Structures are given as C-alpha cells and as structure tokens.
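Remember, it's a predicted structure, so these values are computed and weren't measured experimentally.
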Amino acid sequence: MKVGDRVRVKESIVVYHHPQNRQAAFDVKGLEGEVVGIVTEWQGRPVSANLPVLVQFDKKFKAHFRENELEIL
C-alpha cells in the first residue's frame, strides 16, 4: 500500500469524528477513499504507529487505519 492508492474499508470500524455525525457513532465499513499518508516518522524520528495509514474520504473527513482493515481497489 502506498500514497495515492484507492482503498475501501473492509471491516466494521466505528468513528466519532465524521463531519455529518459529530459526537455520534458512525460505521465507516464500505467507504472508499485515497491514501494520503503513511506514518513512519514524527519530527524526524522513526515511529511505530498503531494506525499508520491515513485515508481521506472527502474534503472534510480523514481517518487513520491499519493496513489489514483496508483493501486496495
């Protein structure tokens, strides 16, 4: 998986920061988006992030995932 890949969420994952559903549970299973970043370092130091893949679904909504929670389209 690399930056620019189109992906789909393949597992049921509940988030609470979706723009249209603030403060309410929202399941992102089935949503499609684009990988915009993979976290490997922070302030120049290497890190091992728990949720390293950053996916942007629309202009206002981004979320972090593990690689096994996504499928490449």
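Residues S12 and D27 share a closest heavy-atom pair of OG-OD2, 2.9 Å. Across all non-hydrogen atoms, the minimal contact from A49 to V39 is CB-CG1, 4.0 Å. For K60 against P19, the heavy-atom pair with the smallest separation is O-CG, 3.7 Å.
In this structure, V7 is a member of the same hydrophobic cluster as I38, with clusters built from ILVMFWY side-chain heavy atoms closer than 4.5 Å. Residues L70 and F57 share a hydrophobic cluster, clusters being chains of Ile/Leu/Val/Met/Phe/Trp/Tyr side chains in contact below 4.5 Å. Note on V28: it clusters hydrophobically with M1, by side-chain heavy-atom contacts below 4.5 Å among ILVMFWY residues.
Annotation: the span from I72 atom CD1 to R8 atom CZ amounts to 12.0 Å, rounded to 0.5 Å. Distance check, rounded to the nearest 0.5 Å: CD of E11 to CZ of F65 gives 10.5 Å.
Considering only heavy atoms from C-beta on, V35 stays 4.5 Å or farther from K2 through its side chain. Considering only heavy atoms from C-beta on, E34 stays 4.5 Å or farther from Q56 through its side chain. The side-chain heavy atoms of V36 and V55, taken from C-beta on, include no pair separated by under 4.5 Å.
In K10, the NZ atom is crowded: over 12 heavy atoms of neighbouring residues, nucleotides or ligands sit closer than 6.0 Å.
Taking the six-membered ring for Trp and thresholds of 30 and 60 degrees, F61 and H17 have ring planes inclined between 30 and 60 degrees apart.
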